[in-house]
Amino acid sequence: MSELLTKSRARNVFYGGSIFFVVVFVALTAQSHRHIVDKATAGMPLTEEVRLGKHVWERHSCINCHTLHGEGAYFAPEVGNVMTRWGAQGDPELAYEILDGWMKAQPSGIEGRRQMPHFEITEEEMRALAEFLRWADQTDTQNWPPNDAG
Amino acid sequence: MKYQSQKVAYAYFLAAMGLFGIQVLGGLLLGWIYVSPNTLSEVLPFNIVRMIHTNALIVWLLLGFFGAAYYLVPEESEREIFSVKLAYIQLAILVVGTLGAVGSYLVGIHGGREFLEQPLWVKFGILVAAVIFLFNVSLTFLAGRKTAITNILMTGLWLLCLLWVFAFINPDNLSLDKMYWWFVVHLWVEATWELVMAAILGFLMLKLTGVDREVIEKWLYIIVATALFSGILGTGHHFYWIGAPGYWQWIGSVFSTFEVVPFFAMMSFAFVMVWKGRKNHPNKAALLWSLGSSTVAFFGAGVWGFLHTLHGVNYYTHGTQITAAHGHLAFYGAYVALNLAMFSYAMPLLRNRAPYNQVLNMASFWLMTGGMAFMTFTLTFAGTIQTHMQRIVGDYYMDVQDQLGLFYLMRFGSGIAVVLGALLFIYSMLVVRREVVKPGPVVKDAAVPGE
Ligand code: HEM
Ligand SMILES: [Fe+2]
């Protein structure tokens with residue numbers, strides 16, 4: 001390979017090829033961006049309430065225990081489909097009530113069971129969080145997870 | 001040490017090792033919470049400890065890279081660093097920022113995007129530090145001799161700093177948030193950091209084996225070409241189930257399969273260089289870490305990465321302990337061990353002592369590597385059972401976790417080995433000044449078969 005592939009040729013292949021792949025990647029990302037906005041997440045409007053819910057989710061760093069669409073910390077259950085699991089995906093009021101009840105019951109204090117912390121969350125924020133989880137649940141995730149267990 | 005300014009690397013390596021200690025102690029606590037979940041649950045919940053664990057890891061690896069750059073760029077460019085003062089300012093910003101981040105996590109102030117939880121002021125601090133760094137090394141680089149090692153190192157460092165911009169971009173649309181989040185996470189560890197890894201490994205091989213520079217540099221360009229050609233579109237393996245279009249299932253599967261190639265190439269490169277090399281460099285610990293790093297990177301990133309990268313497999317394993325197993329071994333092999341190789345090589349020179357055999361350092365290699373391998377196996381077993389029970393049978397998450405206690409207990413045990421190894425490493429770097437085991441006499445040209 002030494003004759004055919006000199007060092008400067010190897011370098012040029014590296015730079016040229018990388019630029020090519022960056023261009024392809026950027027084009028596909030732009031297309032995916034549109035797909036996400038127009039199709040995959042279009043089932044429910046991205047309201048102010050959903051936005052607030054996302055900030056509540058972030059402020060309490062839920063992702064560092066749970067997974068959301070399979071990404072996160074694997075220490076606690078998947079929540080991307082939790083509203084489906086609770087049978088509350090189609091019912092905002094029910095979604096809020098179950099979530100509120102759940103959050104208020106934490107930490108369970110049960111010996112030997114993983115503990116979820118207590119969070120100070122107002123009613124407005126709790127409603128927003130429930131809407132955010134419903135919004136996440138309606139995303140077209142190519143049929144993932146395989147079942148309701150998440 | 002040929003250039004006075006290389007000395008700044010010493011401060012970077014010290015700070016890095018301090019954070020390394022914090023990282024592994026945090027990890028041990030997390031491992032213990034898995035075993036005994038009520039531990040500290042009200043004062044220091046799992047999510048807070050995990051942020052400290054992952055953030056400390058990322059920052060110390062970056063500090064190691066920056067230190068390595070300040071060490072090797074002068075030597076390659078054949079001149080002093082543009083400004084030593086700027087290098088120290090950069091370090092101070094990063095250390096203050098990191099301690100600030102850890103402090104604010106402890107009092108409950110943080111963002112909520114995994115790994116990017118730093119408060120905004122810390123993110124800006126990192127940005128400023130990155131700009132100072134790029135300015136400082138680029139001026140050094142531009143004024144001096146350019147080699148493939150520094151070309152690749154600079155390309156990697158520039159791109160990884162530019163990608164940091166995506167740490168500030170957090171769309172309200174969760175799926176978009178996830179897509180751009182991977183621009184930092186995936187395009188760091190599976191693209192730009194690989195360039196840094198290849199450059200540092202190339203430098204170490206050059207110094208430790210004495211193989212001709214031409215040979216090393218051609219290898220390096222081929223390695224990094226395969227890294228970017230596969231790694232950029234390989235990002236698709238994270239776009240399968242987050243709301244992105246279905247075509248990523250094919251693009252992601254095909255290209256991320258090729259991501260194994262650069263890791264295999266780096267392992268082959270390291271071994272071939274050592275076989276070819278005629279130099280008997282006394283720093284055997286640095287050599288062990290270099291070979292160990294490229295080998296464990298091949299297994300952790302290459303083999304364990306491929307294990308769950310095909311979309312048909314990932315559909316079931318996504319977000320299980322399989323991911324955790326892979327994440328641990330890949331980070332350890334590729335980036336932790338590589339940094340420790342660089343420290344092992346440079347510290348004797350920076351501290352002005354003989355690069356003796358460093359037996360304790362080598363013992364720490366086996367302790368840590370053995371521990372990480374064991375941890376990976378236990379998490380893989382746990383993940384296999386989890387995948388079956390939860391994703392195939394459909395049992396509820398918490399019920400499944402209750403069945404995995406034995407594996408988490410064994411994982412905690414392996415964590416103890418890793419922590420002991422890490423502490424032994426730090427001790428052997430900072431305290432030991434003499435050879436512990438006396439080397440035998442050097443035999444000159446003892447009959448080498450085939451010569
Ligand atoms: C040194 C290089 C690498 C490092 C440090 C690394 C690290 C990680 C980490 C930490 C995660 C979890 C991210 C999260 O929190 O969600 C992850 C996920 C993943 N990695 Fe890697 N990785 C590396 C290379 C590779 C390679 C080469 C492949 C494929 C051949 C690969 C395939 C994957 C896949 C498919 C996932 C997603 C797992 C899931 O669906 O849950 N990785 N990696
Ligand atoms: Fe990846």
Side-chain angles (χ1 to χ4, degrees), chain A residues 2 5-7 10-11 13-14 17-18 21-22 24-25 28-29 31-33 35-37 40-41 46 50-51 54 57-65 67-78 107 111-115 117 132 135-136 139-142 144-150, chain B residues 34 36-38 41-42 45-48 50-51 110-114 117 148 151 172-179 214 217-218 221-222 224-225 228-229 232-233 235 238-249 251 315-316 318-321 323-324 390-392 394-398 401:
Chain A
S2 44
L5 197 62
T6 58
K7 190 172 92 182
R11 186 192 57 212
V13 168
F14 165 57
S18 300
F21 282 106
V22 168
V24 174
F25 182 65
L28 289 175
T29 309
Q31 201 278 333
S32 301
H33 185 122
H35 172 92
I36 287 172
V37 175
T41 63
L46 185 54
V50 173
R51 285 169 220 260
K54 184 165 184 277
W57 164 265
E58 288 171 359
R59 182 159 10 101
H60 297 290
S61 191
C62 314
I63 197 77
N64 274 294
C65 285
T67 51
L68 179 55
H69 296 339
E71 294 166 7
Y74 335 116
F75 180 73
E78 165 68 30
E111 200 51 44
R113 190 179 170 85
R114 293 184 194 168
Q115 296 296 304
F132 169 66
W135 189 90
T139 306
D140 173 10
T141 53
Q142 310 283 333
W144 192 91
N147 54 50
D148 288 354
Chain B
Y34 262 97
S36 175
N38 305 79
S41 63
E42 314 253 326
F46 185 91
N47 60 339
I48 304 290
R50 185 174 189 264
M51 285 189 277
H110 44 68
R113 292 169 93 204
E114 196 188 1
E117 301 92 350
N151 275 341
D172 290 327
N173 183 311
L174 177 69
S175 294
L176 291 181
D177 165 0
K178 284 175 174 290
M179 187 171 78
E214 274 302 300
E217 300 202 321
K218 189 163 42 170
Y221 278 123
I222 297 169
V224 293
L228 292 195
F229 295 1
I232 294 172
L233 289 178
T235 317
H238 303 293
F239 294 170
Y240 299 158
W241 330 115
I242 62 168
Y247 57 69
W248 286 111
Q249 289 171 23
I251 298 178
Y315 184 64
Y316 297 101
H318 180 50
T320 64
Q321 295 296 328
T323 311
Q390 189 181 323
R391 295 282 153 72
I392 295 177
D395 290 334
Y396 181 56
Y397 175 91
M398 291 301 278
Q401 293 297 313

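Here is the naming used below: chain letters follow the sequence lines, and residue numbers restart at 1 for every chain.
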Any heavy-atom pair between the side chains of [Y] and [X] that's under 4.5 Å?
{"X": "B:P45", "Y": "A:Q115", "value": "no"}
{"X": "B:D172", "Y": "A:F132", "value": "no"}
{"X": "B:Y221", "Y": "A:L5", "value": "no"}
{"X": "A:S32", "Y": "B:Y247", "value": "yes"}
{"X": "B:L176", "Y": "A:V37", "value": "yes"}
{"X": "B:R113", "Y": "A:I63", "value": "no"}
{"X": "B:E217", "Y": "A:R11", "value": "no"}

Counting only heavy atoms closer than 4.5 Å, note whether [X] contacts chain B via side chain, backbone, both or neither.
{"X": "A:T41", "value": "side chain"}
{"X": "A:I36", "value": "both"}
{"X": "A:V50", "value": "neither"}
{"X": "A:P146", "value": "both"}
{"X": "A:T139", "value": "side chain"}
{"X": "A:P77", "value": "both"}
{"X": "A:H33", "value": "both"}

Once you round to the nearest 0.5 Å, how far does [atom1] of [X] lie from [atom2] of [Y]?
{"X": "A:H69", "Y": "B:K178", "atom1": "NE2", "atom2": "NZ", "answer": "6.0 Å"}
{"X": "A:E58", "Y": "B:L174", "atom1": "CD", "atom2": "CG", "answer": "8.5 Å"}
{"X": "B:E117", "Y": "A:S61", "atom1": "CD", "atom2": "OG", "answer": "5.5 Å"}

Quiz item: When the ring planes of A:W144 and B:H318 are compared, do they come out parallel, tilted or perpendicular, using 30° and 60° as the limits?
Solution: perpendicular
Quiz item: With under 30° as parallel and over 60° as perpendicular, where do the rings of B:F229 and A:F21 fit, or are they tilted in between?
Solution: tilted
Practice problem: Please test A:V22 against B:L228 for side chain to side chain contact (heavy atoms under 4.5 Å, CB included), starting from the C-alpha separation and ending with a verdict. | Solution: CA-CA 9 Å; A:V22 168; B:L228 292 195; over 6 Å; no
Per-residue contact mode, [X] against chain A (heavy atom under 4.5 angstrom):
{"X": "B:Q390", "answer": "both"}
{"X": "B:I251", "answer": "side chain"}
{"X": "B:D177", "answer": "side chain"}

Are the side chain of [X] and the backbone of [Y] linked by a donor-acceptor contact shorter than 3.5 Å?
{"X": "A:N147", "Y": "B:R391", "result": "yes"}
{"X": "B:N47", "Y": "A:A73", "result": "no"}
{"X": "B:Y397", "Y": "A:Y74", "result": "yes"}
{"X": "A:R59", "Y": "B:H110", "result": "no"}
{"X": "A:Q142", "Y": "B:A244", "result": "yes"}

Exercise. Heavy atoms only: give me the nearest A:H35-B:G243 pair and the separation to one decimal.
Key: CD2-O, 3.4 Å
Quiz item: What is the minimum heavy-atom distance between B:N38 and A:G112, and which atoms define it?
Solution: OD1-N, 2.7 Å
Self-check item: Neighbour count >12 (heavy atoms, 6.0 Å) for atom CZ, A:R51
Solution: yes
Heavy-atom pairs under 4.5 Å with chain A, option from [options] with the top count:
{"options": "B:A324, B:G394, B:G112, B:P245", "answer": "B:P245"}
{"options": "B:Y315, B:Y396, B:Y34", "answer": "B:Y315"}
{"options": "B:S175, B:A148, B:S41", "answer": "B:S175"}
{"options": "B:E114, B:E214, B:H238", "answer": "B:E114"}

Determine the option with the most heavy-atom pairs under 4.5 angstrom with chain B, choosing from [options].
{"options": "A:P145, A:P107, A:C65", "value": "A:C65"}
{"options": "A:C62, A:A136, A:A40, A:A149", "value": "A:A149"}
{"options": "A:F14, A:F25, A:F75", "value": "A:F75"}

